[in-house]
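Inspection log for the structure reproduced underneath, given as structure tokens.
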Amino acid sequence: IETIIKNADRCARITKDLLTYSRQSPPRKEMTPVNILIDDAVNAVTHHINSRDIKINKELRADLTDIYIDPLQISQALNNILRNAVQSIDNSGSITIETLLSGDMVEIVITDTGCGIDEDIRGRIFDPFFTTKAVGEGTGLGLAISYGIIQNHGGEITVESKKGYGSIFRVRLPMGENNG
């Protein structure tokens with residue numbers, strides 16, 4: 001029964017990801033507190049940590065104002081990035097989430113001490129259905145969905161990584177109501 005439930009959940013997640021990717025619905029934006037959204041995303045991925053020794057550190061600016069985004073879509077993008085960060089760490093490591101202000105943009109920086117990404121595949125990680133995970137472990141849609149969501153908000157997502165040293169994902173989102 002446990003295996004059936006696990007596989008049913010996996011199928012439901014894959015179906016949801018496929019529908020999200022294929023629809024790419026326009027964002028329903030509202031003024032949203034980014035730090036609370038990040039707290040919620042961190043809480044959502046903590047169950048993926050299981051018994052591993054992974055520390056999640058938050059360095060969130062207290063003076064960060066609300067920004068005009070679709071909270072459900074941005075939450076999904078952050079969850080996908082954080083889930084990948086957790087999966088990139090074998091037994092122990094850390095993930096740091098930091099918020100910065102850069103002109104009229106909010107920057108969310110997610111740094112992990114995971115396995116890193118080979119330079120020869122780094123340019124493909126946002127491609128739909130591209131994955132380095134074993135069959136049954138991932139669909140290759142998470143980062144593609146995140147990329148589309150951030151783009152639809154008038155933002156950008158970039159990655160810096162070195163194999164064996166972890167990765168840094170930077171999500172930049174415009175603060176004003178005229179974004180995207």
Side-chain angles (χ1 to χ4, degrees), residues 13 16-17 20-21 23-89 92-117 122 125-126 138 141-162 165-180:
R13 189 179 71 249
K16 180 182 170 227
D17 285 350
T20 300
Y21 181 75
R23 287 186 193 145
Q24 290 290 320
S25 60
R28 293 183 175 163
K29 297 178 183 177
E30 59 188 66
M31 295 306 288
T32 305
V34 177
N35 288 344
I36 292 175
L37 202 66
I38 291 169
D39 285 337
D40 292 345
V42 167
N43 289 335
V45 299
T46 54
H47 71 276
H48 291 286
I49 292 173
N50 299 327
S51 62
R52 295 183 290 166
D53 182 24
I54 298 175
K55 303 289 183 237
I56 298 182
N57 308 303
K58 295 181 287 186
E59 299 173 9
L60 309 180
R61 285 185 64 129
D63 64 341
L64 190 61
T65 60
D66 294 359
I67 64 172
Y68 194 62
I69 57 173
D70 182 322
L72 294 176
Q73 287 187 5
I74 296 300
S75 179
Q76 181 179 12
L78 294 175
N79 286 342
N80 289 341
I81 296 165
L82 285 169
R83 194 174 325 117
N84 277 4
V86 168
Q87 291 170 347
S88 76
I89 298 171
S92 66
S94 66
I95 299 168
T96 302
I97 302 123
E98 180 182 10
T99 52
L100 307 166
L101 288 176
S102 178
D104 62 346
M105 303 286 274
V106 170
E107 190 169 343
I108 303 166
V109 182
I110 301 171
T111 304
D112 68 64
T113 60
C115 61
I117 305 166
R122 196 174 317 132
I125 64 168
F126 297 114
L141 286 173
L143 290 178
I145 290 169
S146 297
Y147 183 86
I149 288 170
I150 302 304
Q151 291 289 316
N152 285 341
H153 279 77
E156 62 183 33
I157 180 172
T158 59
V159 64
E160 302 165 32
S161 187
K162 185 174 181 183
Y165 292 94
S167 301
I168 302 170
F169 281 81
R170 295 180 189 279
V171 174
R172 293 174 41 91
L173 295 165
M175 291 179 63
E177 289 190 26
N178 296 325
N179 63 25

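Hydrogens, waters and symmetry mates are skipped; everything else that's a heavy atom, side chains included, is used.
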I36, CD1 atom: more than 12 neighbouring heavy atoms under 6.0 Å
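Not more than 12 within 6.0 Å, no.
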Which distance, rounded to the nearest 0.5 Å, do you find between the [atom1] of [X] and the [atom2] of [Y]?
{"X": "Y68", "Y": "T32", "atom1": "OH", "atom2": "OG1", "value": "9.5 Å"}
{"X": "D70", "Y": "Q76", "atom1": "CG", "atom2": "CD", "value": "9.5 Å"}
{"X": "D112", "Y": "I81", "atom1": "CG", "atom2": "CD1", "value": "11.0 Å"}
{"X": "T111", "Y": "R170", "atom1": "OG1", "atom2": "CZ", "value": "7.0 Å"}
{"X": "S75", "Y": "I69", "atom1": "OG", "atom2": "CD1", "value": "9.0 Å"}
{"X": "S88", "Y": "R83", "atom1": "OG", "atom2": "CZ", "value": "13.0 Å"}

Work out which heavy atom in [X] is nearest to a heavy atom in [Y]; give both atom names and the distance.
{"X": "I95", "Y": "A85", "value": "CD1-CB, 3.7 Å"}
{"X": "S167", "Y": "G116", "value": "OG-CA, 3.9 Å"}
{"X": "S102", "Y": "E107", "value": "CB-OE1, 4.3 Å"}
{"X": "G93", "Y": "T113", "value": "CA-OG1, 3.2 Å"}
{"X": "G166", "Y": "S161", "value": "O-OG, 2.9 Å"}
{"X": "L101", "Y": "V106", "value": "CD2-CG2, 4.0 Å"}

Apply salt bridge (charged side-chain N to carboxylate O under 4.0 Å, His left out) to E156 and list each qualifying residue two or more places apart in sequence or on a separate chain.
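For E156, the residues satisfying salt bridge (charged side-chain N to carboxylate O under 4.0 Å, His left out) (neighbours in sequence not counted) are R172.
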By salt bridge (charged side-chain N to carboxylate O under 4.0 Å, His left out), which residues pair with D63, not counting sequence neighbours?
R61
Listing request: all salt bridge (Lys or Arg N to Asp or Glu O under 4.0 Å) pairs with a residue in residues 30-49, at least two apart in sequence or in separate chains.
D39-K58
Do L143 and V159 make a side-chain contact, defined as non-hydrogen atoms from C-beta onward lying under 4.5 Å apart?
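Contact flag for L143/V159 side chains = no.
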Please tell me if the side chains of I74 and I67 come closer than 4.5 Å, counting only heavy atoms from C-beta onward.
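I74 does not reach I67 side chain to side chain.
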Checking D104 side chain against M175 main chain: does a donor-acceptor pair fall under 3.5 Å?
no
Donor-acceptor contact present, side-chain T96 to main-chain N57, <3.5 Å:
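Here the side-chain-to-backbone pair does not exist.
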Going by side-chain contact (heavy atoms from CB on, under 4.5 Å), L78 matches just one of V34, I150, I108, I149. Which one?
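The option that passes is I108.
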Can you check side-chain contact (heavy atoms from CB on, under 4.5 Å) on L82 and I97, steps first, answer last?
CA-CA 9 Å; L82 285 169; I97 302 123; 3.8 Å; yes
